[in-house]
Amino acid sequence: MSVDNDWSELPPELLDTIVNKLIDLRDYLHFRAVCPSWRSSTPATPKNLPCQLPWLMLPKNQSNRRGFFNFVDNKVHFLNLPEASNSRRRCGSSHGWLIIVDESPSIFVINPLTKVTFNLPPVSQFPNVVNFNFYSVGREFTLRSPHGEVYARNLKEMRDSFIRKAVISSSPSRDPNFITMVILNETGELAYCKNGEHSWKFIDDARFYDEDVIYFEGLFYAVHKSGEIAVCDVSGDTPSVSFIETPKQIGGDMQYLVKTNDEFLLVTRFLELDIDAAYHQLDVVYKTVEFCVFRLVLERPRCEWEEINSLGETMLFLGENSSLALLASDFPGCEGNRIYFTDDYCEANYDGVDGNHDLGYYNLADGSIEALSCCPRNSHSVLRWPPPIWFTPNPC
């Protein structure tokens with residue numbers, strides 16, 4: 001004799017046990033879609049999910065829909081996101097939020113899934129901006145260099161090149177006291193603001209530690225081209241900076257700082273100029289040819305970077321996003337020992353040279369580079385400005 005089970009009658013404590021074991025956002029959404037009883041037993045916004053596998057946010061098309069590519073299932077998911085229009089540039093991605101700078105010249109952070117937005121101080125409120133006049137067409141900004149020279153920049157120049165990269169300390173929905181840190185492109189300055197403040201502050205002692213910056217356990221870590229690290233505590237009224245000094249790293253074009261579960265990694269990226277034939281003309285482009293990975297050794301008499309030949313199960317995601325390390329074993333269909341990278345070109349590398357198709361993944365085992373199916377390397381037929389960026393889906 002068969003007995004029909006009514007799954008909608010499962011006791012709340014059992015449903016709670018099941019939902020607390022879910023780690024994938026899609027599984028969570030499918031769970032809530034089973035029936036009204038299951039949906040009412042769980043919050044619309046999950047609180048227990050770990051960091052999700054990043055999607056690749058693709059360049060804008062003619063509509064307000066933005067494509068997000070999931071490289072595991074090889075599918076593009078579309079979100080309506082007019083906030084990331086062509087007149088705006090996203091300059092960072094952290095904790096599932098995008099940092100966007102406008103020509104207006106506002107700066108804000110937005111969660112593409114929930115559309116929740118927090119305003120940051122505008123570009124005109126950086127310490128080196130001495131004047132902003134919207135009606136001085138083509139010379140709206142007046143800036144002062146660290147050497148005292150005064151020069152002008154227009155709206156588009158400030159939108160596209162003033163800020164190199166921005167990161168936030170935590171998800172603004174979970175932590176209303178989040179802090180934003182930015183790297184300025186021309187001067188190598190680090191600037192920060194706390195949520196609710198009306199202007200940006202420079203960290204004078206950490207100037208030129210401008211290769212990459214990450215946040216970990218209450219502190220920002222910024223890395224110099226040579227591999228030295230500035231540890232920035234901005235929790236008080238004035239910033240305090242200490243340094244992790246290491247033997248200088250020689251070579252490489254770009255440096256990234258990544259925190260895994262148990263150590264800091266320094267990733268050196270090597271670029272190479274190439275000739276690309278497109279549309280019946282020859283263009284000079286750059287492309288990534290190699291990565292080297294080092295771990296920070298602290299227990300010796302002197303701190304140093306030690307090269308490693310394998311990441312094991314670890315995957316790294318590098319670019320304009322906050323540098324991220326995840327375990328492939330946590331995500332079915334993924335393989336470890338890979339570095340997934342996007343183009344985050346700046347003038348400090350190869351001035352005037354295009355590279356916005358320079359993305360894919362690097363296999364540390366054999367040094368090979370493979371393209372993602374949505375983005376053929378060095379193909380001008382698909383991608384446009386701005387280049388893609390890694391984005392971790394986060395509903396809260």
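For this chain, numbers begin at 1 and follow the sequence in order.
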State whether the side chain of Asn177 and the backbone N or O of Asp175 hold a donor-acceptor pair below 3.5 Å, judged by distance alone.
no
- [ ] Please check if the side chain of His95 supplies one atom and the backbone of Ser169 the other of a donor-acceptor pair under 3.5 Å.
- [x] yes
When Asp212, Asp210, Asp344 are each screened for side-chain hydrogen bond (donor to acceptor under 3.5 Å, both in side chains) with Lys165, the one that passes is Asp212
side-chain hydrogen bond (donor to acceptor under 3.5 Å, both in side chains) with Thr268: of Gln255, Glu307, Lys225, only one passes, and it is Gln255
Determine whether Glu320 and Arg90 make a side-chain contact, defined as any pair of heavy atoms from C-beta on separated by less than 4.5 Å.
-> yes
*Can we call the ring centroids of Phe162 and Phe141 under 6.0 Å apart?*
no
> So Ile100 and Val109, side-chain contact (heavy atoms from CB on, under 4.5 Å) or not? Walk me through it.
Replying inline: CA-CA 6 Å; Ile100 294 179; Val109 295; over 6 Å; no
Quiz item: Should Val231 and Phe220 be regarded as members of a common hydrophobic cluster, given that ILVMFWY residues are connected when their side-chain heavy atoms come within less than 4.5 Å of each other, either directly or indirectly?
Solution: no
The residue among Glu272, Arg269, Met254 that forms side chain to side chain contact (heavy atoms under 4.5 Å, CB included) with Thr288 is Arg269
Distance col, row Ile308:CD1 vs Leu364:CG, nearest 0.5 angstrom, shows 7.0 Å
So, the side chain of Asp253 versus the backbone of Leu271: is there a donor-acceptor pair under 3.5 Å, distance only? yes
### Query
Should the ring pair His224 and Tyr209 be called parallel, tilted or perpendicular, given that the plane angle runs from 0 to 90° and is split at 30 and 60?
perpendicular
In terms of heavy-atom contacts, Asp343 and Pro387 come closest through OD2-CG, 3.5 Å
Exercise for the section: Report the relative orientation of the aromatic rings in Tyr340 and Trp390; use parallel for angles under 30°, tilted for 30 to 60°, perpendicular for over 60°. Expected result: perpendicular
Applied to residues 100-125, the salt bridge (charged side-chain N to carboxylate O under 4.0 Å, His left out) test, sequence neighbours excluded, yields Arg88-Asp102, Glu103-Arg159
Distance col, row Cys232:SG vs Ile203:CD1, nearest 0.5 angstrom, shows 4.0 Å
Would you say the side-chain atoms of Glu197 pair up with the backbone N or O of Lys194, donor to acceptor, closer than 3.5 Å?
yes
So CZ of Arg89 and CD1 of Ile107: to nearest 0.5 Å the spacing works out to 10.0 Å
Are any side-chain N or O atoms of Arg207 and backbone N or O atoms of Thr187, one a donor and one an acceptor, separated by less than 3.5 Å? yes
Here the gap from Cys193 atom SG to Ile179 atom CD1, rounded to the nearest 0.5 Å, amounts to 9.0 Å
Should Phe126 and Leu155 be counted in the same cluster of Ile, Leu, Val, Met, Phe, Trp and Tyr side chains packed under 4.5 Å apart?
yes
Taking every heavy atom of Asp366 against every heavy atom of Ser368, the minimum-distance pair comes out as OD1-OG, 2.7 Å
Closest non-hydrogen atoms of Pro112 and Gly96, given as atom of the first, atom of the second and distance, are CD-O, 3.5 Å
Heavy-atom side-chain contact between Leu81 and Asn64 under 4.5 Å | no
Note to self: For Asp237, is the CG atom crowded, meaning more than 12 foreign heavy atoms sit under 6.0 Å from it?
What the structure shows: no
Subject >> Hydrophobic cluster identity match, Leu58 and Phe317, side-chain contacts under 4.5 Å >> reply: yes
The reported gap from CG in Asp205 to OG in Ser242 (rounded to nearest 0.5 angstrom) is 10.5 Å
Closest non-hydrogen atoms of Pro172 and Trp97, given as atom of the first, atom of the second and distance, are CD-CE2, 3.4 Å
Checklist entry - Does Trp200 use its side chain to pair, donor to acceptor, with the backbone of Pro121 at less than 3.5 Å? => result yes
Between Pro247 and Cys303, the two heavy atoms sitting closest are CD-O, 3.1 Å
*asked:* Looking at Leu316, is its backbone amide N or carbonyl O close enough to the side chain of Arg338 to form a donor-acceptor pair, meaning the two atoms are under 3.5 Å apart?
replied: no
*Could you tell me whether the side chain of Glu140 and the main chain of Gly138 form a donor-acceptor pair under 3.5 Å?*
yes
Note to self: Membership question, hydrophobic clusters at under 4.5 Å side-chain separation (ILVMFWY): are Met181 and Ile229 in the same one?
What the structure shows: no
**OP:** Please lay out, stage by stage, how Met158 and Leu143 fare under the test side-chain contact (heavy atoms from CB on, under 4.5 Å).
**Re:** CA-CA 11 Å; Met158 293 295 284; Leu143 294 90; 4.0 Å; yes
Ser94 side chain to Ile168 main-chain N or O, any donor-acceptor pair under 3.5 Å? yes
When every non-hydrogen atom of Leu324 is compared with those of Val258, the smallest separation belongs to C-CG1, 4.0 Å
- Query: Quick one: does Phe216's side chain get under 4.5 Å of Phe264's, heavy atoms only?
  - Reply: yes
If you measure only the distance, is there a donor-acceptor pair under 3.5 Å linking the side chains of Glu186 and Tyr151?
yes
Treating Ile, Leu, Val, Met, Phe, Trp and Tyr as nodes and any side-chain heavy-atom pair under 4.5 angstrom as an edge, say whether Val182 and Phe118 lie in one connected cluster.
yes
- Query: Can you check whether Gln249's main-chain N or O pairs, donor with acceptor, with Trp305's side chain at less than 3.5 Å?
  - Reply: no
**Message:** What I want to check is whether the side chains of Ser104 and Ser106 have a donor and an acceptor closer together than 3.5 Å.
**Reply:** yes
Passes side chain to side chain donor-acceptor pair (under 3.5 Å), Ser235 versus Asp233? Steps please.
CA-CA 6 Å; Ser235 58; Asp233 184 349; 2.7 Å; yes
_Min side-chain heavy-atom separation Leu56-Leu359 under 4.5 Å_ = yes
Between the CD atom in Glu263 and the CG atom in Leu298, the distance rounded to the nearest 0.5 Å is 10.0 Å
Taking it one step at a time, do Leu184 and Phe202 satisfy side-chain contact (heavy atoms from CB on, under 4.5 Å)? CA-CA 10 Å; Leu184 297 193; Phe202 279 161; 3.6 Å; yes
Query raised in the report: Does CZ belonging to Arg174 count more than 12 external heavy atoms closer than 6.0 Å?
Result: yes
Only one of Phe341, Tyr361, Phe270 passes ring-ring contact (aromatic ring centres under 6.0 Å, His included) with Phe291, and that residue is Phe341
Are the aromatic rings of Phe68 and His77 close, with centres under 6.0 Å apart?
no
